[in-house]
Participant: 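Sending over a structure as structure tokens; questions will come in a sec.
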Amino acid sequence: MQQSLLSLFLILSGIIILVFILVYLSSIQSQPQQGMKNPLQKRFWFITIMVVVLGMFFFITIPKSPYYLYANEQPARIVHTVSSQFVFLMSNQDIDPAQPMGENIELNTNELVEFRVTSLDVTHGFGIYNDKYELVAQTQAMPGYVNKLRWKFSEPGKYYILCLEYCGSGHQVMKSFFNVK
Amino acid sequence: METKKLNKITALWIVAILVLFILSIILGIIMRLNQGELIKIQPPTFYADMTTHGVTMIGIWFVAGMAAVNYFMERYVKTSYTANMFAMVMTVIGVVMLWLSTLVGNFHAGWTFLYPLPFKIMWSTWATPLFLWSIGVFGIGWFVWTISLMAAMLKKYSMSQVLAWQHFGKKDPEVSTPPFVLISMISLIGVLTCLIAAVILLILLFAEYYSGGTFKNDALLIKNLTYFFGHTIANEMLYLGLAVIYELFPEVSGRPKLKTTWYVALAWNLTLFFVLAAFFHHLYMDFVQPEGLQIIGQLASYLASLPSSGVTVFSIIVVVFRNKINWSLTNSLFFIGIVGWVVGGVGAVIDATISNNFILHNTLWVPAHFHTYNAMGNVLFSLGFFHWFSKYATNHSLPDKYSFVKLAILIIGGVGFLLAFYIAGADSVPRRYSTYPKGLESAKTLAAVGGVFAIVYLTGILSFFVNISKRCLNVLFQRS
Amino acid sequence: MFKRTFSTLLIILLISNYNSIANNLYDKQDWREEEGIYTRIYDAKIKLISGEQTSIHQLAAKKPLIVALVFTRCAGVCNPLLLQLKENIQIILRKNQYKFSVLVLSFDPLDSLKDMQNLAYRFNLLNEPNWELAVVDSISSMTKSVNFFPVWDMRKKQYDHDALLVGVNTQGYITKKLIGLRSADEISLLISDINNVYRPSYRLPTPANMFTCFNYDPKTGKNTPGWGLAFIALPALLTVGILAFLRLRGKYHS
Ligand code: HEM
Ligand SMILES: [Cu+2]
């Protein structure tokens with residue numbers, strides 16, 4: 001997914017750069033002051049096309065927002081997640097903030113898991129990476145709030161949690177994992 | 001006499017900005033090299049370095065835009081030298097306080113100092129208030145400057161004139177608002193709004209700090225305010241740069257001045273609103289934020305790209321397309337800067353889509369796109385102005401030497417530096433990591449490569465620095 | 001002028017260094033509402049005051065449940081809990097279309113079905129369609145499954161216990177709990193929650209924050225602006241004010 005976004009970006013950037021190079025070349029090659037014919041009309045079409053393209057993008061992508069993921073299903077598993085400088089604790093049971101304790105988490109493929117993510121101190125990020133270290137899903141861990149992230153893992157394997165919100169000098173070592181059978 | 005004063009202070013701004021820019025680039029290169037494990041610094045040092053780099057960069061390119069706008073504003077209205085000077089003094093004090101807090105006090109909560117991180121003290125205890133007050137000092141200085149520029153404009157133009165409302169539905173109204181005035185005003189309104197957000201943010205943070213823990217803030221509210229301020233100021237400083245381009249690009253190209261038309265007026269008036277609502281895209285991954293605001297965030301981010309591309313970029317293309325213009329270093333910088341701005345905008349729109357943000361948020365994609373429209377956009381806008389000013393104010397009319405080489409170095413360095421960020425972002429590499437954990441295979445190599453290209457970019461900047469600062473120092477030490 | 005600003009700033013800075021802040025900002029959260037969420041509630045055999053025998057899961061399968069745990073001799077929180085619940089539900093029923101029933105269970109081994117009938121009579125619940133009162137087969141399994149641990153106070157001859165409402169969906173899962181006497185809004189939230197209406201997140205009960213952004217209103221499903229939101233709108237309003245002021249001043253001077 002990320003790779004196709006990168007390709008999209010590179011293609012669009014390439015087109016843009018090409019257009020500007022052509023515009024530049026037209027300037028140094030042209031007879032004095034020919035100018036653009038009917039710029040207002042061209043401008044109108046340009047904006048119209050942009051509106052249509054962006055509008056399509058908007059309506060296609062909005063329903064895919066994470067807030068609506070599996071909203072109509074009943075989660076098979078709840079994973080309570082508490083983050084604090086600089087650890088993630090995950091548990092099948094609720095976690096007592098006075099004595100926070102985590103446990104090993106084993107999930108099954110294709111079962112709906114609900115991560116209930118919060119923080120004991122500062123804001124952290126809860127980023128789920130697969131065993132190839134590709135980011136597959138994320139939410140924020142904000143003190144005072146619980147974010148519910150619902151996800152189904154289609155691939156078995158080891159998954160890693162990395163912190164995706166800067167949380168202090170140990171941010172880069174904040175890591176955890178769970179297994180999917 | 002008056003213009004001499006304005007020239008001097010503008011020259012002083014330019015020299016100060018360039019010096020701080022070079023230092024900050026070095027901080028940036030140190031970060032990249034450390035991530036590539038070519039050098040080794042401790043994580044707290046890295047993050048203090050990162051915080052310094054972030055705030056300094058935002059600060060200097062903001063004042064660069066302001067100084068340029070102030071300079072050209074003098075063509076239309078009488079501006080206040082005192083306010084300009086006051087902003088300068090406050091900026092200098094602010095920078096000193098900031099660097100003390102980060103480099104000596106080791107404060108390292110990042111340039112967004114997201115609550116409650118500044119209060120989880122992992123550094124000298126005095127560094128937190130010093131840092132927050134440094135932001136306050138910047139804020140006061142810039143607030144006064146912004147107000148004084150607005151006041152100057154509003155003495156001459158009425159509210160509707162300064163916003164070019166008389167251009168709606170009329171072809172040639174009696175009073176025509178110059179695009180420069182319109183865009184400056186729109187940007188300054190945005191600036192004022194986000195500075196007020198900063199004031200509220202600081203008041204709430206200080207309230208908690210000085211109450212000794214009896215008053216507590218709400219993390220979600222503070223995050224909203226933080227990005228209201230942070231995102232908006234980073235955005236508006238680009239628009240300040242664009243105001244200058246509207247003024248200067250046709251002028252140095254030997255083309256007639258750009259005129260305000262109904263669509264220019266409309267585009268910029270709309271931009272004002274879109275930009276102010278776009279900051280919500282920083283909170284997409286906070287599922288606690290109401291969905292309505294998330295959707296507004298995506299909508300506003302998309303809409304903000306329409307007037308800028310459809311009107312501003314298009315207008316520049318119309319000026320250039322099939323027109324023999326006088327290409328010089330100044331308008332080449334502007335032209336390339338526009339490309340950088342648009343390309344960065346594409347990266348931004350991709351990331352401002354909620355479903356993409358789900359897998360791009362806080363990866364290196366974010367620094368990738370904002371460095372694109374800063375390092376290859378806004379910096380070039382300002383550099384173009386600096387270069388033009390340094391020649392204009394010293395009556396220097398010789399053609400520029402080695403322009404092509406200078407630009408080529410800047411582009412090669414910049415593109416390589418940025419590509420390393422984008423590719424790492426697509427490889428899911430998190431941002432703000434002093435070093436990368438095992439498993440993120442490409443991250444280290446890309447960081448090293450990015451660092452090397454950044455050195456090339458720095459070389460390019462140094463070549464500009466030498467000529468521009470030499471001439472600016474001449475302006476500064478001219479006898480009046 | 002610079003001198004004065006500068007020295008004021010310095011003084012403020014100096015003062016600020018002597019202040020420190022309390023570090024443990026977040027230890028006061030009440031996490032008990034999070035306990036046992038998404039576990040299945042103990043499937044107690046229950047005897048309703050109508051004499052009918054059933055089980056909690058069977059009852060829940062018909063309509064999701066709000067389970068309230070009380071004892072009839074209670075001189076403490078049970079009375080206000082039931083009274084307020086009844087009142088709030090009347091408010092909610094006018095607007096909320098979701099199905100649910102309230103199941104009042106006794107956790108006192110001394111309570112008989114007769115005591116529960118009397119309780120229903122006292123609170124005028126006998127003819128309320130959404131209310132059931134019952135006794136359970138095993139009090140200890142019941143209380144354990146909802147993490148509810150009343151303590152017998154010898155001196156007062158009373159149980160010391162929380163006011164607890166447990167939301168159970170039709171599959172018998174606990175989806176939400178409310179501890180303490182809560183508002184109609186929060187109970188309405190509970191009702192939509194046991195009807196499996198998904199909301200991506202929620203606030204934890206914290207020591208009162210003065211400025212929060214939003215208050216979720218379950219009746220309309222909308223977020224109503226809290227005080228905090230005013231803070232987000234404030235910059236724009238102040239900007240408009242300042243502009244108007246500058247223009248008036250400008251007009252006056254020119
Ligand atoms: C070639 C010049 C530059 C280099 C080498 C550089 C390098 C870097 C690096 C390595 C980071 C940290 C990335 C990470 O999150 O891992 C960073 C962050 C940042 N840079 Fe630059 N940068 C450059 C130019 C600029 C410019 C022109 C701006 C102008 C606004 C800028 C603004 C920022 C900001 C705001 C951050 C974020 C700091 C934070 O996360 O707290 N940089 N830069
Ligand atoms: Cu963290």
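Proteins get letters first, then strands, A, B, ... in listed order; numbering begins at 1 in each. All of these numbers come straight from a predicted model, not from anything done at the bench.
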Participant: With a 4.5 angstrom heavy-atom cut-off, could you sort out which part of B/Y157 is near chain C: side chain, backbone, both or neither?
Facilitator: backbone
Participant: Write out, in numerical order, the residues from residues 192-202 of chain B with a heavy atom short of 4.5 Å from a heavy atom in chain C.
Facilitator: B/L192, B/T193, B/I196, B/A197, B/I200
Participant: Kindly write out the residues that satisfy ring pair (Phe, Tyr, Trp, His ring centres under 6.0 Å) with B/W145, not counting sequence neighbours, or none if the list is empty.
Facilitator: B/W13
Participant: Looking only at heavy atoms and a cut-off of under 4.5 Å, which of B/L225, B/L132, B/I189, B/L276 has the most pairs with chain C?
Facilitator: B/I189
Participant: Please classify the contact between C/L243 and chain B as side chain, backbone, both or neither, with a heavy-atom cut-off of under 4.5 Å.
Facilitator: both
Participant: To the nearest 0.5 angstrom, please state how far the CD1 atom of B/I147 sits from the CZ atom of C/F245.
Facilitator: 9.0 Å
Participant: With a 4.5 angstrom heavy-atom cut-off, could you sort out which part of B/F273 is near chain C: side chain, backbone, both or neither?
Facilitator: neither
Participant: With a 4.5 angstrom heavy-atom cut-off, could you sort out which part of B/S124 is near chain C: side chain, backbone, both or neither?
Facilitator: neither
Participant: Taking only residues two or more places apart in sequence or in another chain, which ones pass side-chain hydrogen bond (donor to acceptor under 3.5 Å, both in side chains) with B/S101?
Facilitator: none
Participant: Can you give me the closest heavy-atom contact between B/A151 and C/R249, atom names plus distance?
Facilitator: CB-NH1, 4.1 Å
Participant: Holding to ring pair (Phe, Tyr, Trp, His ring centres under 6.0 Å), I want the full list of residues that pass it with B/F113, two or more places apart in sequence or in another chain.
Facilitator: B/F131
Participant: Is chain B contacted by the side chain of C/I242, its backbone, both, or neither, given a heavy-atom distance below 4.5 Å?
Facilitator: side chain
Participant: Working to the nearest 0.5 angstrom, can you tell me the gap between C/R247 CZ and B/M150 CE?
Facilitator: 14.0 Å
